[in-house]
Amino acid sequence: MPKNASSVGPAVRLSRYTKADQEEILGTIDDPFGVAWTGLSWLPKEEHFGIRYDGRLVAHAGLLRLPVGIGGIETEVVGVGGVAVAPGMQGQGLARLVLTAALKHARTMGPQHALLFCRAPLVSLYQRLGWHLLDKDVLVEQPGGRLTTMPLRTMVTPLRDDVRWPSGPVRLFSLPM
Ligand SMILES: CC(C)(COP(=O)(O)OP(=O)(O)OC[C@H]1O[C@@H](n2cnc3c(N)ncnc32)[C@H](O)[C@@H]1OP(=O)(O)O)[C@@H](O)C(=O)NCCC(=O)NCCS
């Protein structure tokens with residue numbers, strides 16, 4: 001089936017996002033996000049955005065609010081995770097489309113910044129989408145309240161025009177997303 005823009009639907013909010021939905025996008029391969037080596041436990045996302053192609057879910061981005069400490073100030077960020085595009089549909093701008101819809105919604109959620117974790121090879125992709133590398137260690141919680149340093153790259157993007165990421169050490173008061 002030829003891929004063309006007319007068959008790709010708009011990025012929409014999804015009422016739910018299950019394991020089966022994720023498998024519809026990425027298939028049933030082990031470790032589709034390539035992060036199993038971290039050994040980390042992750043939070044599920046609470047709000048979901050997706051794109052369908054001929055009725056099939058082909059892209060997703062998830063959001064949730066997370067408590068965070070930045071330089072001793074306790075605040076919240078919008079965590080972004082589960083960003084996925086079906087292997088046969090990658091490289092056509094679908095991650096850009098679904099993230100644009102998710103971040104439009106994130107701007108209504110309250111926090112001033114969004115934050116995501118990604119593998120090093122994806123840093124340039126997210127920079128292209130307007131995200132900035134947070135070039136410092138970020139502490140995250142793990143089961144039992146154990147603190148660990150996030151081994152993935154941390155990226156942030158402002159959700160308002162007039163805000164800058166504060167200086168100082170960063171830690172999530174939750175599992176990562
Ligand atoms: C990562 C992933 C979501 C990207 O999806 P995609 O639909 O191929 O991305 P897009 O086509 O929207 O590309 C986004 C932008 O990054 C650019 N880009 C793509 N690969 C890039 C790279 N290696 N370096 C720099 N920029 C890159 C694209 O040109 C595009 O920019 P443009 O819109 O200005 O042209 C997809 O490869 C995927 O699902 N991978 C498996 C799951 C995963 O690892 N998810 C990431 C979790 S953090």
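Worth saying up front: this structure is predicted, and the values here are computed from it rather than measured. Quick note: numbers below take in every heavy atom, side chains included, and nothing from hydrogens, waters or symmetry partners.
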>> Test question: given the 4.5 Å side-chain rule for I, L, V, M, F, W and Y, name all other residues clustered with Phe173, or answer none.
In response: none

>> Set out, in order, the CA-CA distance, both residues' side-chain angles and the distance that settles side chain to side chain contact (heavy atoms under 4.5 Å, CB included) for Leu40 and Val35, then state yes or no.
In response: CA-CA 8 Å; Leu40 291 174; Val35 297; over 6 Å; no

> Rounded to the nearest 0.5 Å, how far does NZ of Lys45 lie from CG of Leu63?
Replying inline: 10.0 Å

> Under the side chain to side chain contact (heavy atoms under 4.5 Å, CB included) test, which residues partner Leu125, sequence neighbours left out?
Replying inline: Leu122, Leu129

> Between Gly50 and Leu14, which heavy-atom pair has the shortest distance, and what is it?
Replying inline: N-CG, 3.7 Å

> If you take all heavy atoms of Ala59 and Ile25, which pair is closest and at what distance?
Replying inline: C-CD1, 3.7 Å

>> Any side-chain to backbone donor/acceptor pair from Arg65 onto Glu76? Under 3.5 Å, distance only.
In response: no

> Looking at Val80 and Ala114, what are the two nearest heavy atoms and their distance?
Replying inline: CG2-CB, 4.2 Å

>> According to a hydrophobic-cluster definition based on side-chain heavy atoms being under 4.5 Å apart (Ile, Leu, Val, Met, Phe, Trp, Tyr only), do Val77 and Leu103 belong together?
In response: no

>> If I compare all heavy atoms of Val83 with all of Phe33, which pair ends up nearest, and what's the gap?
In response: O-CE2, 3.3 Å

> Are Val123 and Leu115 connected in a single hydrophobic cluster, I mean Ile/Leu/Val/Met/Phe/Trp/Tyr linked by side-chain heavy atoms less than 4.5 Å apart?
Replying inline: no

>> To the closest 0.5 Å, what do you measure between CE (Met177) and CG (Leu116)?
In response: 6.0 Å

> Distance from Ile51 atom CD1 to Met89 atom CE, nearest 0.5 Å?
Replying inline: 8.5 Å

> With sequence neighbours left out, which residue pairs that include part of residues 33-44 fulfil the side chain to side chain donor-acceptor pair (under 3.5 Å) condition?
Replying inline: none

>> Show every side chain to side chain donor-acceptor pair (under 3.5 Å) that has at least one partner inside residues 13-33, sequence neighbours left out.
In response: Arg13-Glu47, Thr18-Asp21, Lys19-Glu23

Which pairs would a plain distance check flag for residues 143-161, meaning a side-chain donor or acceptor within less than 3.5 Å of a matching protein atom at least two apart in sequence or in another chain?
from   : atom 1 : to     : atom 2 : distance (Å)
Thr157 : OG1    : Gly130 : O      : 3.3
Arg160 : NH2    : Gly110 : O      : 3.0

> What are the two closest non-hydrogen atoms of Gln142 and Leu175, and how far apart are they?
Replying inline: CA-CD2, 3.5 Å

>> Assigning hydrophobic clusters by single linkage (Ile, Leu, Val, Met, Phe, Trp, Tyr; side-chain heavy-atom cutoff under 4.5 Å), is Leu57 placed with Val85?
In response: no

>> For residues Tyr53 and Leu97: do they belong to one hydrophobic cluster (side chain heavy atoms under 4.5 Å, members Ile, Leu, Val, Met, Phe, Trp, Tyr)?
In response: yes

>> Check for me, please, whether Leu134 and Val140 land in the same ILVMFWY cluster - side-chain distances under 4.5 Å, paths through other members count.
In response: yes

> Can you list every pair that meets ring-ring contact (aromatic ring centres under 6.0 Å, His included) and has a residue in residues 68-112, with sequence neighbours left out?
Replying inline: Phe49-His105

>> Are Ile70 and Thr75 packed together at the side-chain level, in the sense that at least one heavy-atom pair is separated by less than 4.5 angstrom?
In response: yes

> If we only count heavy atoms from C-beta on, is the Phe117 to Leu172 side-chain gap below 4.5 Å?
Replying inline: yes

> To the nearest 0.5 Å, what is the distance between OH (Tyr126) and CZ (Arg119)?
Replying inline: 9.0 Å

> So how far is it from Leu66 CG to Leu64 CG, rounded to the nearest 0.5 Å?
Replying inline: 4.0 Å

>> Quick check: closest heavy atoms across Gly82 and His60, and the distance to 0.1 Å?
In response: O-ND1, 2.7 Å

